[in-house]
2 protein chains.
Amino acid sequence: MIIRIEPESEVPLYLQISNQIIEGIAREHIQPGQSLPSVRTFAADLGINMHTVNKSYHHLEQKGIIRIVPKSGAIISSPQDFNEASLERLKNDYRPLIAESLVVGMSNQQIQELVTSMIEEFKSSKEETQ
Amino acid sequence: MIIRIEPESEVPLYLQISNQIIEGIAREHIQPGQSLPSVRTFAADLGINMHTVNKSYHHLEQKGIIRIVPKSGAIISSPQDFNEASLERLKNDYRPLIAESLVVGMSNQQIQELVTSMIEEFKSSKEETQ
DNA sequence: AAAACTGTTCTATAAGATCTAGATCAAAAG
DNA sequence: CTTTTGATCTAGATCTTATAGAACAGTTTT
């Protein structure tokens, strides 16, 4: 799985990593049951510190997206392992974004189309091996 | 317009303020052309520092949502004043959220329903004076 | 005209978040 | 047994967030 880091971004490194891993799962470039690289090798690949990758993994674990097995590795969780709480959390993340979309003048339909096209963007890249 | 602050939230104060102002505009509790309270009176109402409100206002100005007239006040902008760049920015904000939704097992339809219900939540509160 | 209010700008301080660095540990994997 | 694993600890640098107070110059109100 290819991760691209932007050191000059205002988005923290550990969040960039988390987000791209999530996108990688959504695109099925990596699947439930599979392991992520060790924090050390991943950090070396990205040219950043081990602790930063570790923070990213724990961030993903807190979201319930991966399961960290001490002394072993990080494994992608299955979708069915999610509770109602994570959906409530997502709802709170959508709210300000949708409010802003309405404020900048997007119509109901334009927002729906944006979401649909973005979902398609993920699903269309499912078959790609890389 | 009523703003509720959560000092213990992990979301910065200035962002909480920005987001709730945006939601207030989406709900039409405040409308384009109208003024926001002065940074001093707003800060006093919320029991926080003037500079924090000031930062929030500049954050909203950067998004193009309000226009700050020096020595005068902050005025809600009209939707037609938005450019293509702000739409591109929104798209990048939607991406990680939609990816996460797919990863936690939400279907295409469930995401659409979540978005629709949230849009309705805003539009249904339009008529309320408060 | 005078007073009150406006956003802007400056210095300062404190606390927290982010990132890097290096070392050690005990368990798992080879 | 050797290597690798995540966990944990101290440490330091930098940036962000939030507060505080003061001063300035233009606007609005009285």
Side-chain angles (χ1 to χ4, degrees), chain A residues 1 3-22 30 33-77 89 93 96, chain B residues 1 3-22 30 33-77 89 93 96:
Chain A
M1 205 182 76
I3 300 277
R4 285 175 219 282
I5 297 277
E6 294 182 31
E8 303 306 317
S9 169
E10 76 286 352
V11 181
L13 283 179
Y14 83 94
L15 265 187
Q16 292 185 43
I17 297 168
S18 294
N19 286 341
Q20 290 188 45
I21 289 173
I22 292 174
I30 186 168
Q34 291 185 338
S35 294
L36 290 173
S38 80
V39 292
R40 279 175 237 256
T41 62
F42 209 173
D45 287 350
L46 298 173
I48 63 175
N49 195 276
M50 176 193 83
H51 300 295
T52 305
V53 176
N54 194 251
K55 181 167 189 173
S56 176
Y57 280 11
H58 280 276
H59 180 243
L60 289 170
E61 190 183 41
Q62 198 179 9
K63 283 176 175 289
I65 291 173
I66 69 175
R67 187 166 41 90
I68 299 176
V69 183
K71 322 299 172 194
S72 175
I75 295 126
I76 312 292
S77 299
R89 202 169 26 73
D93 292 340
Chain B
M1 208 182 73
I3 300 278
R4 287 177 219 281
I5 298 276
E6 292 183 32
E8 303 306 317
S9 169
E10 75 287 352
V11 181
L13 283 179
Y14 83 95
L15 265 187
Q16 291 185 43
I17 297 168
S18 293
N19 285 341
Q20 290 189 44
I21 289 174
I22 292 173
I30 185 169
Q34 291 185 338
S35 294
L36 290 173
S38 79
V39 291
R40 278 174 237 256
T41 63
F42 209 173
D45 288 350
L46 297 174
I48 63 175
N49 195 276
M50 176 193 83
H51 300 294
T52 305
V53 176
N54 194 253
K55 180 166 189 173
S56 176
Y57 280 10
H58 280 276
H59 180 243
L60 288 171
E61 190 184 40
Q62 198 179 7
K63 284 176 175 288
I65 291 174
I66 68 175
R67 188 167 41 91
I68 298 176
V69 183
K71 321 299 171 193
S72 176
I75 295 126
I76 313 293
S77 298
R89 204 169 23 74
D93 292 339

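Just the heavy atoms: all of them, side chains too, but no hydrogens, waters or symmetry mates, feed the values below. The model shown is predicted, which means the values in this text are computed figures rather than measured ones. To find a chain, count down the sequence lines: A is the first, B the second, and so on, and within it residues start at 1.
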Chemist: Checking contacts here: which listed nucleotide (D:dA25, C:dA28, C:dC19) is nearest the side-chain heavy atoms of A:T52?
Modeler: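 That would be C:dC19.
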Chemist: Nearest to the side chain of B:K71, which nucleotide is it out of C:dT6, C:dA26, D:dC9?
Modeler: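 Of C:dT6, C:dA26, D:dC9, C:dT6 is nearest to the side chain of B:K71.
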Chemist: Which is true for A:Y14 with a 4.0 Å heavy-atom rule: it touches a base, it touches only sugar-phosphate, or it touches nothing?
Modeler: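 Contact class for A:Y14: sugar-phosphate only.
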Chemist: Using heavy atoms to find the nearest nucleotide of DNA chain D for B:L15 and A:S72 separately, return the residue whose nucleotide is more 5′.
Modeler: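 First, find each residue's nearest nucleotide; the 5'-ward one identifies A:S72.
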Chemist: For a 4.5 angstrom cut-off between non-hydrogen side-chain atoms, does B:K55 reach B:T52?
Modeler: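 Sidechains of B:T52 and B:K55: no contact.
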Chemist: How about A:E61: does its CD atom have over 12 heavy atoms from other parts shown lying under 6.0 Å from it?
Modeler: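 Atom CD in A:E61 is crowded, with more than 12 foreign heavy atoms closer than 6.0 Å.
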Chemist: Out of C:dG7, D:dA22, C:dT18, which has the shortest distance to the side chain of B:M50?
Modeler: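 Ranking C:dG7, D:dA22, C:dT18 by closest atom to the B:M50 side chain puts D:dA22 first.
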Chemist: Where the side chain of A:L13 is defined as all heavy atoms beyond and including C-beta, which of C:dC19, D:dT19, D:dA25 is the nearest nucleotide?
Modeler: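 Shortest atom-to-atom distance from the side chain points to C:dC19.
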Chemist: Closest approach to the side chain of B:N49, judged atom by atom: which nucleotide of D:dT19, C:dT8, C:dA27 is it?
Modeler: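 Nearest listed nucleotide: D:dT19.
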Chemist: Check the angle between the aromatic planes of A:Y14 and A:H59 and answer parallel, tilted or perpendicular using the 30° and 60° thresholds.
Modeler: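 Perpendicular: the ring planes of A:Y14 and A:H59 meet at over 60°.
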Chemist: Verify the contact: side-chain N or O of A:S38 to OP1 or OP2 of D:dT4, cut-off strictly under 4.0 Å; return yes or no.
Modeler: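 The answer is no; no side-chain N or O of A:S38 sits under 4.0 Å from OP1 or OP2.
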Chemist: Quick one: is A:K55 getting a side-chain N or O under 4.0 Å of the C:dT18 phosphate, OP1 or OP2?
Modeler: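 Affirmative; the distance criterion is met.
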Chemist: From the list D:dA7, D:dT5, C:dG7, which nucleotide is the closest neighbour of the side chain of B:I68?
Modeler: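 Output: C:dG7.
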